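Structure first, commentary second.
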Amino acid sequence: MTAAPEVSGLMEIEPGWIDFNGHLNMAYYNVLFDRGADHAYPRLGFGADYARERRMTTYVAEFHVRYLRELHLGDRVRASFRLLDFDAKRFHSYQELRHEDGWLAATAEGLTLHVDMTGPRVAPMPGDVMENMTKMQAEHDRLPRPEGIGRPIGVRQRR
């Protein structure tokens, strides 16, 4: 179904998410990607408990979405999450939204920061989280590199 081993359950497009063009509004692709990341986060050690108990969390610094095929009311999708790289304070991820029939609707690439909420400031991840990141990275490194990672955005000038 998807290249990444971290895959959410089915999520249905909600009526309030449909725009005047009759398809899923661009903002709600981000909601679906966020929910997909929430599915993978407990495995890394992140989530509401992490924020409440340890006063640390993650902030997205950059997020690039490619809209490949329209989604409509009643469509159901799964979101994948794949760890591409990380260091002590940040990680690079790739996600896909796939329709329940298997076709690819959108991809996203993100750079996420680890944040000490008492600052707030970017801070190193604790040892247990780094271990989780290392394990997930080793699994995801065995997969083929997704197409389109690191693509620039812009208008090509014709000469």
Side-chain angles (χ1 to χ4, degrees), residues 1-52 56-87 90-115 125 129-156 158:
M1 205 244 23
T2 183
E6 311 305 319
V7 180
S8 73
L10 281 172
M11 300 177 282
E12 190 164 340
I13 306 306
E14 298 180 15
W17 297 357
I18 302 301
D19 65 19
F20 58 83
N21 295 311
H23 59 245
L24 183 63
N25 179 276
M26 62 181 273
Y28 295 100
Y29 283 83
N30 284 331
V31 169
L32 293 165
F33 282 125
D34 191 51
R35 289 180 180 177
D38 285 347
H39 174 81
Y41 267 25
R43 184 161 171 232
L44 293 170
F46 302 135
D49 290 343
Y50 184 70
R52 184 175 51 258
M56 290 185 270
T57 192
T58 60
Y59 289 2
V60 174
E62 209 171 318
F63 202 66
H64 300 226
V65 178
R66 291 188 313 150
Y67 305 95
L68 305 173
R69 190 164 167 187
E70 290 181 4
L71 290 169
H72 299 92
L73 185 61
D75 283 343
R76 297 181 339 151
V77 298
R78 286 185 172 87
S80 66
F81 178 90
R82 177 165 172 189
L83 187 60
L84 295 174
D85 198 7
F86 71 97
D87 64 18
R90 61 196 170 172
F91 60 92
H92 182 195
S93 62
Y94 171 79
Q95 293 182 267
E96 293 182 345
L97 279 182
R98 287 194 176 267
H99 189 273
E100 66 183 324
D101 291 340
W103 48 266
L104 185 60
T107 68
E109 184 176 0
L111 181 66
T112 303
L113 307 175
H114 183 262
V115 174
M125 293 178 248
V129 172
M130 288 296 286
E131 283 181 35
N132 296 339
M133 299 290 276
T134 300
K135 287 177 189 172
M136 184 181 283
Q137 182 74 66
E139 292 171 18
H140 293 188
D141 280 349
R142 288 182 272 209
L143 301 166
R145 189 144 175 95
E147 187 179 319
I149 296 299
R151 288 177 55 169
I153 187 171
V155 177
R156 284 184 155 162
R158 297 178 195 198

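Fair warning: this is a prediction, and the values are worked out from it, not measured in the lab.
- The two residues Asn132 and Gly45 make their nearest non-hydrogen contact at ND2-N, 3.8 Å.
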So Leu32 and Leu24, side chain to side chain contact (heavy atoms under 4.5 Å, CB included) or not? Walk me through it. CA-CA 11 Å; Leu32 293 165; Leu24 183 63; 3.8 Å; yes
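- Screening residues 36-52 for side-chain hydrogen bond (donor to acceptor under 3.5 Å, both in side chains) gives Glu6-Arg43, Tyr41-Thr58, Arg43-Glu139, Asp49-Arg52, Tyr50-His114 as the qualifying pairs, with residues at least two apart or on separate chains.
- Annotation: the span from Glu70 atom CD to Asp75 atom CG amounts to 10.0 Å, rounded to 0.5 Å.
- The shortest distance between side-chain heavy atoms of His72 and Ile13 does not fall below 4.5 Å.
- The backbone N or O of Phe33 sits less than 3.5 Å from a side-chain atom of Gln95, completing a donor-acceptor pair.
- In this structure a side-chain-to-backbone donor-acceptor pair under 3.5 Å is missing from His92 to Leu84.
- Each of Val7, Leu104, Thr107 was evaluated against Arg98; a single residue qualifies, Leu104, per the side chain to side chain contact (heavy atoms under 4.5 Å, CB included) test.
- Under the 4.5 Å side-chain criterion, counting only non-hydrogen atoms from C-beta, Ile18 is not in contact with Tyr28.
- In this structure, Leu71 and Trp17 have side chains that are not in contact, with every pair of non-hydrogen atoms separated by 4.5 Å or more.
- Put simply, the side chain of Arg35 does not reach to within 4.5 Å of the side chain of Ser8, judged on heavy atoms.
- One N or O on the side chain of Gln137 and one on the backbone of Asp85 form a donor-acceptor pair closer than 3.5 Å.
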Let's go through Phe46 and Thr112 carefully: what are the C-alpha distance in whole Å and the side-chain angles of both, what is the deciding distance for side chain to side chain contact (heavy atoms under 4.5 Å, CB included) to 0.1 Å, and is it a yes or a no? CA-CA 12 Å; Phe46 302 135; Thr112 303; over 6 Å; no
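- Expressed to the nearest 0.5 Å, how far CZ of Arg78 lies from CE of Met11 amounts to 9.5 Å.
- Once rounded to the nearest 0.5 Å, the distance linking CG of Leu111 with CZ of Phe63 reads 11.5 Å.
- Each of Arg151, Glu109, Glu96 was compared with Arg66 under the side chain to side chain contact (heavy atoms under 4.5 Å, CB included) criterion, and only Arg151 meets it.
- Looking at heavy atoms from C-beta onward, Leu44 lies in side-chain contact with Phe81 at the 4.5 angstrom threshold.
- Of the possible polar contacts, one joining the Arg82 side chain to the His140 backbone as a donor-acceptor pair under 3.5 Å is found.
- Asp19 places a side-chain N or O within donor-acceptor distance of the main-chain N or O of Asn21, the cut-off being under 3.5 Å.
- Considering all non-hydrogen atoms of both residues, Gly36 and Ala79 come closest at CA-CB, 3.6 Å.
- Using a 4.5 Å cut-off on side-chain heavy atoms (C-beta onward), Val65 and Met26 make no contact.
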Quick one: do His99 and Arg69 satisfy side chain to side chain contact (heavy atoms under 4.5 Å, CB included)? Show the steps, please. CA-CA 10 Å; His99 189 273; Arg69 190 164 167 187; over 6 Å; no
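- To the nearest 0.5 Å, atom CD of residue Glu131 and atom CE of residue Met125 are 13.0 Å apart.
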